[in-house]
**Q** 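One structure follows; several queries about it will come next.
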Amino acid sequence: MSIMSNKNRRLILWMFFVAVFAQVQAQPGTAFWNDIVAFRKADSLHAPAAGQILFVGSSSFTMWKDVQSYFPSHPIINRGFGGSSLPDLIRYAEDVIFKYAPRQIVIYCGENDLGASDTVSAATVAERFKTLFSMIRQRFPRVPIVFVSLKPSPSRQHLLPKMLEANTAIRQFLKKKKKTTFIDVYHPMLSDDGKPRPDIFLDDKLHMNAQGYAIWQKLIEPHLLK
């Protein structure tokens, strides 16, 4: 008779607590609840077909409202909700990830984690991503996962060292995992002086304009499944 290893016991226990956390937290009154209700309503009116590419994450995806026009040959479900951080994706994973049957999952999140508090380190962001990644792998073991790196922006220039460190940690983590892709949008969005290009952002100096999304389109499209 085989005996369950301590590692497997810890994994099962960890997944149990994550599931309980999600159930407790995903309820009226919690942050972004209205966004989740809106997604549920949209899905009830027009249920997304299986086999689409799921974009999920924070406002850089939320504000990419015409994302389908950038990738016309790739059917896309956009489930970005503005201001969200990695714990929010974990909290609402049942609604924004697991309820669908995607052929591929594209994630942009982690930037707001750093922006929320000076106490959040790059290592914290990387660990949060690993938690989300493990949850997805448990439910979708064969679905390819794409992580779009944290982007630099003029309004968060003070966070660039942490962003670069978090990107490096996540990239190294994904190198050891199958069916994964890390897309570096950080460096292509910098000018020759190493600062974020101001011309590719809206007036808030945080969110991108069409020029910024054109950069993302060129970097992301080669990695999307047909």
**Q** Mind listing the closest non-hydrogen atom pair of A166 and L150 along with its distance?
**A**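 Shortest heavy-atom contact: CB-CD1, 4.1 Å.
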
**Q** Any idea which heavy atoms bring D66 and S69 closest together, and the distance?
**A**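 Nearest pair, atom of D66 first, then S69: O-OG, 2.6 Å.
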
**Q** Tell me, with the steps shown, if M208 and M189 meet side-chain contact (heavy atoms from CB on, under 4.5 Å).
**A** CA-CA 10 Å; M208 295 179 291; M189 295 177 71; 3.6 Å; yes

**Q** Under the criterion side-chain contact (heavy atoms from CB on, under 4.5 Å), which of L219, I107, I220 is the partner of V148?
**A**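 Single pass found, and it is I220.
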
**Q** With a 3.5 Å distance limit and no angle check, can you tell me whether Q68 reaches the backbone of F71 through a side-chain donor-acceptor pair?
**A**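 The answer is yes, because a donor-acceptor pair under 3.5 Å joins these two groups.
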
**Q** I would like to know whether L54 and I76 meet side-chain contact (heavy atoms from CB on, under 4.5 Å); could you show each step before the answer?
**A** CA-CA 6 Å; L54 175 63; I76 291 171; over 6 Å; no

**Q** Would the distance check show the side chain of T131 and the main-chain N or O of E127 forming a donor-acceptor pair, the cut-off being under 3.5 Å?
**A**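 Indeed, once roles are kept as given, a pair shorter than 3.5 Å links the two residues.
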
**Q** Using modelled atom types only, decide if a donor and an acceptor are shared between the side chain of S85 and the backbone of G110 within a distance under 3.5 Å.
**A**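 No, S85 side chain to G110 backbone: no donor-acceptor pair under 3.5 Å.
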
**Q** Are side-chain heavy atoms of V56 and L89 found at a separation under 4.5 Å?
**A**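 V56 reaches L89 side chain to side chain.
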
**Q** Mind checking whether I105 and L225 sit in one hydrophobic cluster, side chains of I, L, V, M, F, W, Y counted as touching below 4.5 Å?
**A**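 I105 and L225: separate clusters.
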
**Q** So, for K41 and S44, which heavy atoms are closest and what is the spacing to 0.1 Å?
**A**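 Closest pair (atom of K41, atom of S44, distance): O-OG, 2.6 Å.
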
**Q** Once rounded to the nearest 0.5 Å, what's the spacing between atom CG of D192 and atom CZ of R197?
**A**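 Spacing of CG (D192) from CZ (R197) equals 9.5 Å.
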
**Q** Checking side-chain polar atoms at under 3.5 Å, does K205 have a donor or acceptor matched by the opposite partner on S153?
**A**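 Side-chain D/A pair, K205 to S153: absent.
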
**Q** Please find the pair of heavy atoms, one from Q217 and one from P222, that lie closest to each other, and give the distance.
**A**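 So the minimum-distance heavy-atom pair works out to O-CD, 4.4 Å.
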
**Q** In sequence, state the C-alpha distance, the side-chain angles, and the governing distance for M63 and L202, and then conclude on side-chain contact (heavy atoms from CB on, under 4.5 Å).
**A** CA-CA 11 Å; M63 298 183 70; L202 300 174; 3.8 Å; yes

**Q** What class does the angle between the rings of F61 and F55 fall in, given that below 30° is parallel, 30 to 60° is tilted and above 60° is perpendicular?
**A**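 Because their plane-to-plane angle lies in the 30° to 60° range, the rings of F61 and F55 count as tilted.
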
**Q** Taking the ring centre of each residue, are Y92 and F32 less than 6.0 Å apart?
**A**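 So the answer is no for these two rings.
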
**Q** Are S121 and T124 linked by a side-chain donor-acceptor pair shorter than 3.5 Å?
**A**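 Per modelled atom types, S121 and T124 side chains form a pair under 3.5 Å.
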
**Q** Are Y108 and W64 near enough that their ring centres are under 6.0 Å apart?
**A**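 When the ring centroids of Y108 and W64 are compared, they turn out to be at least 6.0 Å apart.
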
**Q** Going hydrophobic residue to hydrophobic residue with side-chain gaps under 4.5 angstrom, can you get from V37 over to V96?
**A**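 Linked within one cluster.
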
**Q** Please indicate whether D193 has more than 12 foreign heavy atoms, meaning atoms of other residues, nucleotides or ligands, lying under 6.0 Å from its CG.
**A**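 Atom CG in D193 is packed in, count exceeds 12.
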
**Q** Tell me if a side-chain donor or acceptor on S191 pairs with a main-chain N or O of K195 at a distance below 3.5 Å.
**A**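 Yes, because the side chain of S191 sits within donor-acceptor range (under 3.5 Å) of the backbone of K195.
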
**Q** Check whether R103 reaches the backbone of K226 with its side chain - one donor and one acceptor, N or O, closer than 3.5 Å.
**A**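 Here the side-chain-to-backbone pair exists.
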
**Q** Is it the case that Y100 and D43 place a side-chain donor and acceptor less than 3.5 Å from each other?
**A**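 Y100 vs D43: donor-acceptor pair found between side chains.
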
**Q** Is the CG atom of D204 crowded by more than 12 outside heavy atoms at less than 6.0 Å?
**A**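 Yes, the 6.0 Å shell around CG holds more than 12 heavy atoms from other groups.
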
**Q** If you group Ile, Leu, Val, Met, Phe, Trp and Tyr by side-chain heavy-atom gaps below 4.5 Å, do L206 and F201 land in one group?
**A**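 No, no single cluster joins them.
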
**Q** Tell me if a side-chain donor or acceptor on N209 pairs with a main-chain N or O of G212 at a distance below 3.5 Å.
**A**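 Checked: pair present.
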
**Q** Of all heavy-atom pairs between C109 and G57, which one has the smallest distance, and what is that distance?
**A**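 Looking at all heavy atoms of both residues, the shortest contact is CB-CA, 4.3 Å.
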
**Q** I'd like to know if the side chain of N167 and the backbone of D184 have a donor-acceptor N/O pair within less than 3.5 Å.
**A**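 Such a contact is absent between N167 side chain and D184 backbone.
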
**Q** Which residue, R79, K99, R139, forms the salt bridge (Lys or Arg N to Asp or Glu O under 4.0 Å) with E94?
**A**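 Only one option passes, and that is R139.
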
**Q** Counting only N and O atoms by type, is there a donor-acceptor contact under 3.5 Å from the side chain of S149 to the main-chain atoms of Y186?
**A**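 A pair under 3.5 Å: yes.
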
**Q** Test of understanding: clusters of I, L, V, M, F, W, Y form through side-chain heavy atoms closer than 4.5 Å, transitively. Do W33 and I97 belong to the same one?
**A**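 Yes, same cluster.
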
**Q** Donor-acceptor check, side chain of T181 to backbone of V146, threshold 3.5 angstrom: yes or no?
**A**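 Not a single qualifying donor-acceptor pair exists.
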
**Q** Give a yes/no verdict on a cation-pi contact between R171 and F182, requiring under 6.0 Å between NZ or CZ and the six-membered ring centre and an angle within 45° of the axis.
**A**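 No; the conditions do not both hold, so R171 does not lie above the ring face of F182.
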
**Q** Just how far is it from atom CG of L174 to atom NZ of K179, taken to the nearest 0.5 Å?
**A**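 It is 14.5 Å, given to the nearest 0.5 Å.
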
**Q** If we ignore hydrogens and angles and just use 3.5 Å, is the side chain of E111 paired with the main-chain N or O of S59 as donor and acceptor?
**A**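 No: the side chain of E111 does not pair with the backbone of S59.
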
**Q** For L160 versus P196, what's the shortest heavy-atom pair and its separation?
**A**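 Reported closest heavy-atom pair: CD1-CD, 4.0 Å.
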
**Q** Salt bridge between E165 and K162, side-chain N to carboxylate O under 4.0 Å?
**A**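 A salt bridge is absent here (no side-chain N lies under 4.0 Å from a carboxylate O).
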
